[in-house]
Amino acid sequence: MELVSRPHVENFIQWAKDKPEVVVLSADLTNSCEVGQWRDTYPDRFFSMGMAEQNMMGVAAGMAREGLVPFIHTFAVFIYRRAYDQLAMSIAYPNLKVRFFGFLPGIVTPGGVTHQAIEDVAVMRAVPNMTVLETGDATEVETVLDAAHAVDGPCYVRFLRGEMPRLFPKSEPFEVGKARVLSTGSDVAILTAGITTEEAMRASSYLAAEGIGVRHLHVSTHKPFDDPQVLAALRECTAGVVTLENHLTTGGLGTAVSEMMTDNGIGKRLIRLGLNDTYAHGASLPYLLDEYDLDAKALVAAVGTLVGRELNVSDADIDAVRGEGAADSKAEAL
């Protein structure tokens, strides 16, 4: 598996070259959010707002009203926790074209509870007019720029930084509202998003060897959540559904799937894997994935529950098929 180092840095510079309307706002986290070189390349289009996220939202709203397209780059927690009122009233209510690139989603950071965005999807899904996206690999980090730029209104992106795998071909760019179908079995439907997709891919070989047919969908659009491919997978799986997300089980992917099943009268068992009404520790990503049952082992066990079999997969079983990927990457400091 190819590992890509900091794909956003140069890609964003090249992408913005012929888009003078694109401006970047940073809240004193410029290099931490990989736009230091962007600032140096386009100094007249970069605005350092300091540690004043509420004011940054107001400035972004004013710029958007004048025809510019602000791309806010900061840690996710400072977008929706610290400046929610300004985000909702100054940007979402008037449906302005502001792009929120939220870094450090979920437990990808060792920074602990103050920096782990674990309820952001729930909060942002509840905001009227908001589109909510999530990147899962280098290809999506590179191609979500076009997808977000085309949204007619505010758009929130759970964004990855640093070193990450390339799970999807460069020829298959990010598409708003369209999941990626990664396997096509009919026993169990597995839906994942962001970094959890790699964990599910690590489990797939083991499950196939056990004779369990899995339809695995990688979900990159949390809102709108109306993909016909997702609905078909939920309807056609015979044993049930598992969701795995780098987020609380409340309000995120598992909730969206539950809502879709309820709205369409799909009476099957749903197992939601994620943080269960808890804050996470500050620790390495592999440790946290294991500690909170967000890894391939937990997914295999959940599938076993649905098919009525006890699947006690070991670390060695997963390590035999896992390859190299994001969970092996060195975590970056804040």
Side-chain angles (χ1 to χ4, degrees), residues 1-12 14-15 33-35 73 76 99 101-109 117 120-121 131-149 155-184 190-205 214-222 227 229-230 243-247 252-253 273-274 284-286 288-289 294-296 299 318 321-332:
M1 182 184 297
E2 179 190 4
L3 281 176
V4 183
S5 180
R6 294 161 60 87
H8 184 55
V9 176
E10 290 294 337
N11 181 68
F12 189 32
Q14 293 303 312
W15 178 85
C33 294
E34 299 190 342
V35 283
H73 280 58
R99 286 69 179 96
F101 276 39
F103 289 73
L104 308 187
I107 59 171
V108 299
T109 171
D120 54 323
V121 176
T131 295
V132 182
L133 311 177
E134 180 168 9
T135 57
D137 84 323
T139 294
E140 292 196 333
V141 163
E142 292 165 349
T143 60
V144 74
L145 294 169
D146 280 329
H149 196 47
C155 182
Y156 174 70
V157 184
R158 287 188 119 203
F159 207 72
L160 298 177
R161 69 173 190 178
E163 189 175 67
M164 66 197 71
R166 187 177 299 283
L167 304 177
F168 314 122
K170 291 183 179 181
S171 59
E172 299 177 9
F174 194 111
E175 293 185 57
V176 174
K178 185 176 180 180
R180 298 178 188 268
V181 180
L182 304 182
S183 63
T184 57
I190 294 176
L191 290 92
T192 59
I195 63 167
T196 63
T197 291
E198 187 184 358
E199 290 299 309
M201 294 171 72
R202 287 169 170 164
S204 62
S205 295
V214 170
R215 187 177 304 189
H216 178 201
L217 279 74
H218 168 73
V219 174
S220 53
T221 303
H222 294 286
D227 185 354
Q229 297 179 112
V230 174
T243 58
L244 177 62
E245 57 191 308
N246 176 31
H247 187 271
L253 177 62
L273 299 177
S284 69
L285 180 57
L288 293 173
L289 290 171
L294 303 178
D295 60 1
L299 181 58
I318 296 300
V321 299
R322 64 184 285 168
E324 294 296 323
D328 303 300
S329 304
K330 181 179 179 182
E332 292 192 73

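Phe101 pairs in a side chain to side chain contact (heavy atoms under 4.5 Å, CB included) with only one of the listed residues (Val35, Thr135, Val157), which is Val157.
Neither side chain, Glu134 nor His218, offers a donor N or O lying under 3.5 Å from an acceptor on the other. Looking only at atom types and distance, the side chain of Ser204 has no donor-acceptor partner in the side chain of His216 under 3.5 Å away.
Put simply, the side chain of Trp15 reaches to within 4.5 Å of the side chain of Asp146, judged on heavy atoms. The closest side-chain heavy-atom distance from Cys33 to Arg161 is not below 4.5 Å. Two residues are said to be in side-chain contact when any heavy atoms from C-beta on lie closer than 4.5 Å; Val230 and Leu191 meet this criterion. Residues Met164 and Val141 have side chains in contact (heavy-atom distance under 4.5 Å, counting atoms from C-beta outward). Between Leu285 and Ile107, the closest side-chain pair of non-hydrogen atoms falls below 4.5 Å.
Arg166 is linked by a side-chain hydrogen bond (donor to acceptor under 3.5 Å, both in side chains) to Glu2, Thr139, Glu142, counting only residues two or more places apart in sequence or in another chain.
Nearest heavy atoms, Thr109 versus Leu288: O-CD1, 4.5 Å. Contact between Ala193 and His222 at its shortest, heavy atoms only, is CB-CE1, 3.8 Å. Looking at every heavy atom in both residues, Pro7 comes nearest to Gly162 through CD-O, 3.6 Å. Closest heavy-atom contact between Leu160 and Asp137: CD1-N, 4.0 Å.
Within the 3.5 Å criterion, the main-chain N or O of Gly274 finds no donor-acceptor partner in the side chain of Glu245.
Here CG of Asp227 is found 8.5 Å from NZ of Lys178. Values are rounded to the nearest 0.5 Å. The OG1 atom of Thr184 lies 10.5 Å from the CG atom of Leu217; values are rounded to the nearest 0.5 Å. Interatomic distance, CG of Asn246 versus CG of Leu273, reported as 12.5 Å (0.5 Å rounding). Rounded to the nearest 0.5 Å, atoms OG1 (Thr197) and CG (Leu182) are 6.5 Å apart. Taken from CZ in Phe168 to OG in Ser220, the straight-line distance is 8.0 Å, to the nearest 0.5 Å. Rounded to the nearest 0.5 angstrom, Thr192 OG1 and Leu294 CG are separated by 12.0 Å.
For an aromatic pair to be called close, the ring centres must be under 6.0 Å apart, and His8 with His73 satisfies this.
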Test side-chain contact (heavy atoms from CB on, under 4.5 Å) on Val132 and Thr221; report intermediate values, then the result.
CA-CA 6 Å; Val132 182; Thr221 303; over 6 Å; no
Could you please spell out the steps behind the side-chain contact (heavy atoms from CB on, under 4.5 Å) verdict for Leu133 and Val176?
CA-CA 8 Å; Leu133 311 177; Val176 174; 4.2 Å; yes
Assess the residue pair Leu167 and Glu198 against the criterion (side-chain contact (heavy atoms from CB on, under 4.5 Å)); give the C-alpha distance rounded to whole Å, side-chain angles, the decisive distance to 0.1 Å, and a yes or no.
CA-CA 8 Å; Leu167 304 177; Glu198 187 184 358; 4.1 Å; yes
Run the side-chain contact (heavy atoms from CB on, under 4.5 Å) check on Phe159 and Leu104 step by step: do they pass?
CA-CA 7 Å; Phe159 207 72; Leu104 308 187; over 6 Å; no
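A salt bridge links Asp120 with Arg158: the closest approach of a Lys/Arg side-chain nitrogen to an acidic carboxylate oxygen falls below 4.0 angstrom. With respect to the salt-bridge test (charged N to carboxylate O, under 4.0 angstrom), the residues Glu140 and Arg180 qualify. Salt-bridge check for Arg6 with Glu163: failed, with every basic side-chain N at 4.0 Å or more from each acidic carboxylate O.
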